[in-house]
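On a predicted model such as this, the values are computed, not experimentally measured, just so you know.
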Amino acid sequence: LKPDYPEAWSNKGNILYELKRYDEAIAHYDKAISLKPDYHEAWSNKGIILHELSRFEEALTHFDEALRLSPDYQDASWNKSLSLLIQGDYENGLPLYESRWNSDNVSKIIGNRLFENSPWLGKESLQGKTILLYGEQGLGDFIQFCRYVKLVAEMGAKVILEVPQSLAGLLRDLEGISQLIIKGEKIPYCDYQCPLLSLPLAFKASLKTIPSYGAYLFADSNKVKEWDLMLGAKLKPRVGLVWSGNFLHKNDHNRSLSLQKILPFLPNQFEYISLQKEFREADKLTLDSNPHILTFASNLNDFVETAALINNLDLVISVDTSVAHLSGALGKKTFVLLPHVPDWRWLLNREDSPWYPSMKLYRQKSVSDWVDVLDRVKLDLNAWQL
């Protein structure tokens, strides 16, 4: 009806992107841009696809063009930050990461909270001051970045940490906390506030200065004993499994697998224990026909229980979920299965993580190719000596 309608070309590009028909999506964005050269949203959206295709320099060029056309377009600043951070450019990426608060699309997801007290990003002295630290995104993010609590406390601050209920028991004894409150409770007086994911910026993080600890979270010793009794006599090395995350996560289609897909790659010289709290219908059927994979979903009421169970295992194999972060924070040997272009926290082209010394990363070599990833995991399992 209207072949020269650039918005329709761009919107169709958005749908093709969701369908992973990336080449077609790029062609539609190009058409939209040819019809409307100053179409900053189309420039940015094409940059997102280039990012997904690991064409990061091209992606950055497109985000820069979107910002040249519309300097206040915060979505482009946010997208640019992700392309910089995944490449390890924290110096330029972390300041742009703060644009999440001004991006309509992102702030709706993470929740832009209003505080009466001042934000702290590393400039003011904290000696004798009280600061509120709080989470803003997923539970895995909370687990990863709560390591900075100790550093904030060492600056002379009294740290109030606001936590979701599911993490309260696990983090109650985290080093550096002066007071722990549950999200939703009244916040005590404090001089400053800072979200956990802004602390790397406040501490001028680089790949060389990440506070990397062998373990900074610890399982409850009594719970560990309870799980030891529940698991019974140990006849084989124990391996924990997490194959899928929250299906509501916007990137779940890239990071999650089915149990059926993993099964052929699990050598039988190990005892396998599911660390999943929830199962999809197809996985329930697979579990029913594979009783050798032990499941304790009804017992995993919070992260205290999950941490204690992990403490009784020799290895955890997980896709990119909060359990992978928990296992790494506990210092447990962990294999993490990653999509071709992972979340920025996992960086690129390396098998290790500067955030978690006990991890080994297994990356897709091409989009959606889990078979090669699982082949390498199987190879390492067969070669592994306890």
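No side-chain donor-acceptor contact under 3.5 Å links Lys158 to the backbone of Ile131. Panel note: side chain Ser256, backbone Gly245; a donor-acceptor pair is recorded below 3.5 Å. Using a distance-only test at 3.5 Å, with no hydrogens or angles considered, no donor-acceptor pair links the side chain of Thr306 to the main chain of Phe303. In terms of modelled atom types and a separation under 3.5 Å, the side chain of Ser70 and the main chain of Leu67 share no donor-acceptor contact. No donor-acceptor distance shorter than 3.5 angstrom exists from the side chain of Arg350 to the backbone of Leu347, with no hydrogens or angles considered. With hydrogens and angles disregarded, a donor-acceptor distance shorter than 3.5 Å links the side chain of Asp369 to the backbone of Val371. Under a 3.5 Å cut-off, the side chain of Asn290 and the backbone N or O of Thr286 do form a donor-acceptor pair. No side-chain donor-acceptor contact under 3.5 Å links Lys46 to the backbone of Glu41. No side-chain donor-acceptor contact under 3.5 Å links Trp243 to the backbone of Ser274. One N or O on the side chain of Ser99 and one on the backbone of Trp78 form a donor-acceptor pair closer than 3.5 Å.
Environment of CD in Gln269: crowded, with over 12 heavy atoms of neighbouring residues, nucleotides or ligands closer than 6.0 Å. The local environment of CG in Asp23 is sparse, with at most 12 non-hydrogen atoms from other residues, nucleotides or ligands closer than 6.0 Å. The local environment of CD in Glu91 is sparse, with at most 12 non-hydrogen atoms from other residues, nucleotides or ligands closer than 6.0 Å.
Defined by atom type and a distance below 3.5 Å, a donor-acceptor pair is present between the side-chain atoms of Ser198 and Glu98. For the residue pair Asp320/Trp346, the side-chain donor-acceptor check at 3.5 Å is satisfied. Side-chain contact, Asn14 with Tyr29: a donor N or O sits under 3.5 Å from an acceptor N or O. Side-chain atoms of Asn92 and Tyr90 form no donor-acceptor pair, as typed in the model, at a separation below 3.5 Å. Judged by distance alone, the side chains of Ser327 and Thr334 do bring a donor and an acceptor atom under 3.5 Å apart. With 3.5 Å as the limit, one finds no donor-acceptor pair spanning the side chains of Ser368 and His340. Side chains of Tyr362 and Asp380: a donor on one and an acceptor on the other come within 3.5 Å. Remark: the Glu305 side chain and the Trp227 side chain contain an N/O donor-acceptor pair separated by less than 3.5 Å.
Clustering ILVMFWY residues whenever any of their side-chain heavy atoms sit less than 4.5 angstrom apart, transitively, puts Leu263 in a cluster other than the one holding Leu285. Placement of Trp370 and Val239 within a single hydrophobic cluster is found when ILVMFWY residues are connected by side-chain heavy-atom separations under 4.5 Å, directly or transitively. Val304 and Phe218 are members of different hydrophobic clusters when ILVMFWY side chains are connected at heavy-atom separations under 4.5 Å. Residues Leu313 and Phe296 are members of one and the same hydrophobic cluster, defined by side-chain heavy-atom contacts under 4.5 angstrom among Ile, Leu, Val, Met, Phe, Trp and Tyr. Val316 and Val224 fall into different hydrophobic clusters, defined by Ile, Leu, Val, Met, Phe, Trp and Tyr side-chain heavy atoms under 4.5 Å apart, directly or through other members.
The aromatic rings of Tyr213 and Tyr216 sit perpendicular to each other, their planes meeting at more than 60°, with 30° as the lower class boundary. Aromatic ring orientation, Tyr73 versus His40: perpendicular (interplanar angle above 60°, classes split at 30° and 60°).
The nearest pair of heavy atoms linking Pro164 to Leu139 is CG-CD2, 3.7 Å. Contact detail for Glu162 and Ile182: the closest heavy-atom pair is CG-C, 4.3 Å. The nearest pair of heavy atoms linking Leu161 to Val149 is CD1-CG2, 4.2 Å. Residues Leu330 and Ala215 share a closest heavy-atom pair of O-CB, 3.5 Å. Of all heavy-atom pairs between Leu60 and Ser83, the closest is CD2-CB, 3.7 Å. The shortest non-hydrogen separation linking Ala25 to Gly13 is CB-O, 3.5 Å.
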side-chain contact (heavy atoms from CB on, under 4.5 Å) between Leu338 and Gln364, worked out | CA-CA 6 Å; Leu338 296 175; Gln364 288 180 352; over 6 Å; no
For Ser44 and Asn79, run side chain to side chain donor-acceptor pair (under 3.5 Å): C-alpha distance rounded to whole Å, both residues' side-chain angles, the deciding distance at 0.1 Å, then the answer.
-> CA-CA 8 Å; Ser44 184; Asn79 292 327; 3.2 Å; yes
Do Arg100 and Glu136 pass the side-chain contact (heavy atoms from CB on, under 4.5 Å) test, and can you show the C-alpha distance, the side-chain angles, and the key distance before you say yes or no?
-> CA-CA 11 Å; Arg100 65 194 185 278; Glu136 61 183 79; 2.6 Å; yes
Going through the checks in order, is the salt bridge (Lys or Arg N to Asp or Glu O under 4.0 Å) test met by Asp288 and Lys284?
-> CA-CA 6 Å; Asp288 289 342; Lys284 289 179 183 178; over 6 Å; no
Do Arg238 and Leu231 pass the side-chain contact (heavy atoms from CB on, under 4.5 Å) test, and can you show the C-alpha distance, the side-chain angles, and the key distance before you say yes or no?
-> CA-CA 10 Å; Arg238 289 173 172 156; Leu231 290 169; 3.6 Å; yes
Give the C-alpha distance, both sets of side-chain angles, the deciding distance and a yes or no for side-chain contact (heavy atoms from CB on, under 4.5 Å) between Leu133 and Val159.
-> CA-CA 7 Å; Leu133 302 180; Val159 176; 3.7 Å; yes
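A salt bridge is defined here as a Lys NZ or Arg NE, NH1 or NH2 lying under 4.0 Å from an Asp or Glu carboxylate O, and Arg255 with Asp343 fails to meet this definition. With respect to the salt-bridge test (charged N to carboxylate O, under 4.0 angstrom), the residues Lys36 and Glu7 qualify. In summary, Arg68 and Asp64 do not engage in a salt bridge, as defined by a charged side-chain N under 4.0 Å from a carboxylate O. With respect to the salt-bridge test (charged N to carboxylate O, under 4.0 angstrom), the residues Lys333 and Asp314 do not qualify. Note on Asp75 versus Lys80: no salt bridge recorded, every NZ/NE/NH1/NH2 to OD/OE distance being 4.0 Å or above. Ionic pairing of Arg345 and Asp141 is present here: one or more N-O contacts between side-chain nitrogen and carboxylate oxygen are shorter than 4.0 angstrom.
Taking the six-membered ring for Trp and the full ring otherwise, His325 and Tyr356 have centroids separated by under 6.0 Å. Aromatic rings from His51 and Phe56 are positioned such that their centres are separated by under 6.0 Å. Two rings, from Trp344 and Tyr97, have their centers less than 6.0 Å apart.
In this structure, Val163 and Leu180 have side chains that are in contact, with non-hydrogen atoms separated by less than 4.5 Å.
Among Tyr192, Trp120, Phe145, Phe115, the one residue that satisfies the ring pair (Phe, Tyr, Trp, His ring centres under 6.0 Å) test with Tyr134 is Phe115.
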